[in-house]
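Order of appearance sets the numbers: ligands from 1, and atoms from 1 within every ligand. One is the number of the first residue; the rest follow in order along the sequence.
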Amino acid sequence: MKLAFFGADGKVGRALVPVLERAGHTVRGLEIGEEPDVAGLDAAVDFTTPEAAPANARAALEQGVSCVIGTTGWDPQPLDALARERGLRVFVAPNFSIGAVLMMRFAEQAAQYFPRAEVIELHSETKKDAPSGTARATADLIGGDPVIHSVRLPGLVAHQEVIFGSEGQLLTIRHDTTGRESFADGVLLVLEKLDSLPPGLTVGLDRIL
Ligand code: NAP
């Protein structure tokens, strides 16, 4: 596919663009201040900031281009109407790592059979928010308001354990992100399925797994 990538020079962009190109896509990187000229492309990918992503997505939709967005911390709901009107797709996922999404799904399944669980999320010391969005989403899926422990240390990237306990047994479900390339598999999968999604907004990788 012919892609635009908003935020190609960011931390995620620098990891993802080479993987997308190796998979056969051509990528036009777009940075802040550049005219968002995406007309004629097949899709626009956005890993920027919560301030930039809504305008980038609107610009792409107005030029007839569907969007795949990983930027977190904003509400994509207002884009649904514009995308439907144009017969286009906006796919947004707070986590594009297939392993992390499966970890959450398995935790949701295990929660049906274990009375107690706690979540430990571990991230690099540069991550400012705690608990992580993934830990909060996992806790919502498990239900019962599980305790979340947040660890911030140098040497960590992004890791999460969900520990379930009952009389005489423990079950631990763990996912480790060791590099930002982990988000590429999810983006590639969404690009493959983009045209088969209904027009409008779709949120969450679990919707297509
Ligand atoms: P980052 O290193 O700060 O990169 C953001 C990039 O976007 C920078 O190159 C920035 O340029 C550029 N940018 C800002 N405004 C722009 C605009 N209007 N048009 C085009 N480019 C623009 O951040 P990151 O770590 O790559 O993360 C980016 C976003 O992805 C964050 O919201 C993060 O939470 C999210 N994220 C999501 C996932 C997921 O799986 N969904 C995974 C990781 C990260 P300047 O440096 O010049 O400002």
Side-chain angles (χ1 to χ4, degrees), residues 3-20 27-39 41 43-63 65-77 79 89-105 121-138 141 150 152 156-160 175-194 197 201-209:
L3 304 174
F5 200 117
F6 291 107
D9 276 348
K11 292 188 282 297
V12 173
R14 284 198 303 272
L16 254 56
V17 169
V19 184
L20 295 174
V27 182
R28 180 188 300 170
L30 289 163
E31 284 312 310
I32 194 163
E34 268 184 70
E35 194 58 38
D37 175 15
V38 300
L41 300 183
V45 181
D46 185 294
F47 281 84
T48 57
T49 66
E51 295 75 33
N56 290 342
R58 260 180 203 286
L61 292 172
E62 274 158 11
Q63 293 172 67
V65 176
S66 292
C67 304
V68 177
I69 305 171
T71 306
T72 53
W74 62 291
D75 178 13
Q77 195 58 47
L79 295 172
R89 282 98 188 151
V90 177
F91 185 94
V92 181
N95 200 325
F96 272 98
S97 159
I98 291 177
V101 174
L102 289 177
M103 175 264 295
M104 291 162 74
R105 182 180 288 184
E121 57 95 344
L122 311 92
H123 286 85
S124 93
E125 60 181 342
T126 57
K127 184 173 175 63
K128 293 193 185 78
D129 55 319
S132 71
T134 298
R136 281 199 303 268
T138 308
L141 288 172
S150 297
R152 297 287 176 272
L156 292 167
V157 182
H159 318 259
Q160 181 169 298
H175 177 257
D176 295 279
T177 301
T178 55
R180 290 188 178 83
E181 296 78 6
S182 69
F183 306 119
D185 284 354
V187 172
L188 287 169
L189 185 68
V190 174
L191 289 171
E192 198 183 303
K193 301 203 172 179
L194 198 57
L197 292 174
L201 176 67
T202 303
V203 178
L205 202 55
D206 53 324
R207 296 283 300 277
I208 63 159
L209 278 179

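Nearest to atom 32 (O) of ligand 1 by heavy atom, out of Leu16, Thr72, Thr134, Val187, is Thr72. Closest to atom 4 (O) of ligand 1 by heavy atom, among Ala59, Pro54, Gly10, is Gly10. Relative to atom 36 (N) of ligand 1, the option among Pro50, Ala100, Pro36, Gly70 with the closest non-hydrogen atom is Gly70.
Between Phe47 and Phe5, the angle of the ring planes stays under 30°, which puts this pair in the parallel group of the 30/60° scheme.
Using a 4.5 Å cut-off on side-chain heavy atoms (C-beta onward), Asp37 and Arg28 make contact. Proximity of Leu20 to Leu191: side-chain heavy atoms (C-beta onward) are separated by under 4.5 Å at one or more points. Side chains of Val38 and Phe6 form a contact here, defined as non-hydrogen atoms less than 4.5 Å apart. Residues Asp185 and Leu189 form no side-chain contact, since every pair of their non-hydrogen atoms from C-beta on lies 4.5 Å or further apart. For the pair Leu79/Leu201, no side-chain contact is recorded, criterion being any heavy-atom separation below 4.5 Å from C-beta on.
Closest to atom 3 (O) of ligand 1, if we only count protein heavy atoms, is Lys11 NZ, 4.1 Å. Closest to atom 45 (P) of ligand 1, if we only count protein heavy atoms, is Ile32 CG2, 4.3 Å. Among protein heavy atoms, atom 22 (C) of ligand 1 sits closest to Thr48 CG2, 3.4 Å. When hydrogens are left out, the protein atom nearest atom 39 (C) of ligand 1 is Pro94 O, 3.4 Å; that is the closest non-hydrogen contact. Glu31 OE1, 4.1 Å is the protein heavy atom nearest to atom 10 (C) of ligand 1. Given atom 42 (C) of ligand 1, the protein heavy atom at minimum distance is Phe183 CZ, 3.4 Å. With respect to atom 26 (O) of ligand 1, the closest heavy atom belonging to the protein is Val12 N, 2.9 Å. In terms of protein heavy-atom proximity, atom 30 (O) of ligand 1 is nearest to Phe47 CD2, 3.5 Å.
Between the side chain of Arg89 and the main chain of Leu197, a donor-acceptor pair closer than 3.5 Å is present. The backbone N or O of Pro36 sits less than 3.5 Å from a side-chain atom of Gln63, completing a donor-acceptor pair. Between the side chain of Asp176 and the main chain of Thr178, no donor-acceptor pair closer than 3.5 Å is present.
Considering backbone and side-chain N/O of Thr71, none are found under 3.5 Å from N/O of ligand 1. Polar contact with ligand 1: absent for Phe6 (N/O pair, distance under 3.5 Å). When only interatomic distances are considered, the shortest N/O to N/O separation between Phe96 and ligand 1 falls below 3.5 Å. The N/O atoms of Thr49, backbone and side chain alike, include none that comes under 3.5 Å of an N/O atom in ligand 1.
In summary, the atoms of ligand 1 found under 4.0 Å from a heavy atom of Asp9, numbered by their order in the structure, are 9 (O). Atoms of ligand 1 lying under 4.0 Å from any heavy atom of Ala52, numbered from 1 in the order shown and given with element: 15 (N), 16 (C), 17 (C), 18 (N). Remark: ligand 1 atoms within the under-4.0 Å shell around heavy atoms of Gly7 are 6 (C), 7 (O), 12 (C), 20 (C), 21 (N).
The only option from Arg152, His159, Lys127, Arg136 that meets the side chain to side chain donor-acceptor pair (under 3.5 Å) definition with Glu121 turns out to be Arg152.
For the residue pair Thr48 and Asp46, a side-chain donor N or O sits within less than 3.5 Å of a side-chain acceptor on the partner. For Thr134 and Ser132, the side-chain atoms include no donor-acceptor pair closer than 3.5 Å. For the residue pair Thr138 and Gln160, a side-chain donor N or O sits within less than 3.5 Å of a side-chain acceptor on the partner.
With a 4.0 Å heavy-atom cut-off, ligand 1 is reached by no atom of Ser97. Residue Asn56 touches ligand 1 through its side chain alone, judged by heavy-atom distances below 4.0 Å.
For atom 15 (N) of ligand 1, the nearest protein heavy atom is under 4.0 Å away.
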